[in-house]
Amino acid sequence: MHGCDDHRPRAEVLRDRYRSRLPERLQEPAGPVEGTVDLPLHIVWSGRTSYSPDRPKSRMTLYRTVLAEGLREDLAAFLHHRLPAEQWPVLRRLVSPCIREVWEDAFPELPRTAPAGTTAA
């Protein structure tokens, strides 16, 4: 199993970093669910910086980027609590094992699998 434990010291540093950025409650982030989101340079320093949270592929890229690079205030500003909860079964496969473990440890209510009868896109 490849998880966060592969490289102990680095994994611990990463886990602590991601843990320190978590919102206190899963319901806390209240970012936009439509329109255009422009990420600041400290989150995305090259390539695409503008995303549409109402478009599934764009939203997944936005969320994956913010989860990996965003600070605590960025998670609150750019994520919307409803979307990570609904999209977690897909999103959890797109983020690093460290991010996935930290979020799932902190928020056991996040679904690990999509509800029956729904599509992941």
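Values reported hereafter were calculated over all heavy atoms of this structure, with side chains retained and with hydrogens, waters and symmetry mates removed. Treat the numbers as computed from the prediction; the structure is a model and nothing was measured.
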Checklist outcome for this item: Interatomic distance, CD@Gln87 vs CZ@Arg64, rounded to 0.5 Å, equals 13.5 Å
Next on the checklist: Any heavy-atom pair between the side chains of Arg59 and Asp54 that's under 4.5 Å?
Outcome noted: no
Checklist outcome for this item: Scanning both residues in full, the closest heavy-atom pair of Trp88 with Glu104 reads NE1-OE2, 2.8 Å
Checklist entry - Considering residues, nucleotides and ligands other than Glu24, do more than 12 of their heavy atoms fall under 6.0 Å from its CD? => result no
Next on the checklist: Working note: His80 + Tyr63, criterion side-chain contact (heavy atoms from CB on, under 4.5 Å); need CA distance, chi angles, decisive distance, verdict.
Outcome noted: CA-CA 9 Å; His80 189 278; Tyr63 276 49; 3.7 Å; yes
Next on the checklist: Quick test of your reading: applying salt bridge (Lys or Arg N to Asp or Glu O under 4.0 Å), list the pairs with at least one residue in residues 68-83, sequence neighbours left out, ordered by first then second residue.
Outcome noted: Arg82-Glu86
Next on the checklist: Just so I know, are the side chains of Phe78 and Thr65 near enough to count as touching, which here means a heavy-atom distance under 4.5 Å?
Outcome noted: no
Checklist entry - If you look at every heavy atom in Ala68 and Ile99, which pair is closest and at what distance? => result CA-CD1, 3.6 Å
Item to check | Arg92 and Leu110: CA distance, side-chain angles, deciding distance, side-chain contact (heavy atoms from CB on, under 4.5 Å) verdict | outcome: CA-CA 10 Å; Arg92 72 188 300 272; Leu110 284 170; over 6 Å; no
Checklist entry - Are Leu94 and Leu79 in one and the same hydrophobic cluster, where Ile, Leu, Val, Met, Phe, Trp and Tyr link if side-chain heavy atoms are under 4.5 Å apart? => result yes
Under 3.5 Å donor-acceptor pairs involving side-chain atoms of residues 29-39, not counting sequence neighbours:
from, atom 1, to, atom 2, distance (Å)
Asp38, OD1, Ser50, OG, 2.8

Checklist entry - What is the distance from atom OG of Ser52 to atom NZ of Lys57, rounded to the nearest 0.5 Å? => result 13.5 Å
Next on the checklist: A side-chain contact here means heavy atoms from C-beta on lying under 4.5 Å apart; do Arg10 and Cys98 qualify?
Outcome noted: no
Checklist entry - Listed by chain and number, what are the salt bridge (Lys or Arg N to Asp or Glu O under 4.0 Å) partners of Asp16, not counting sequence neighbours? => result Arg19
Checklist entry - Do Leu26 and Val90 share a hydrophobic cluster (ILVMFWY, side-chain heavy atoms under 4.5 Å, transitive)? => result yes
Checklist entry - Please walk me through it: do Leu67 and Trp103 pass side-chain contact (heavy atoms from CB on, under 4.5 Å)? => result CA-CA 10 Å; Leu67 287 172; Trp103 275 76; 3.3 Å; yes
Checklist outcome for this item: In this structure, CG of Leu75 is separated from CG of Leu22 (nearest 0.5 Å) by 7.5 Å
Checklist entry - Within a strict 4.5 Å, meaning less than it, do heavy atoms of the Arg100 and Tyr18 side chains meet? => result no
Checklist outcome for this item: Test side chain to side chain contact (heavy atoms under 4.5 Å, CB included), reference Val44, set Thr49, Leu62, Val66, output is Thr49
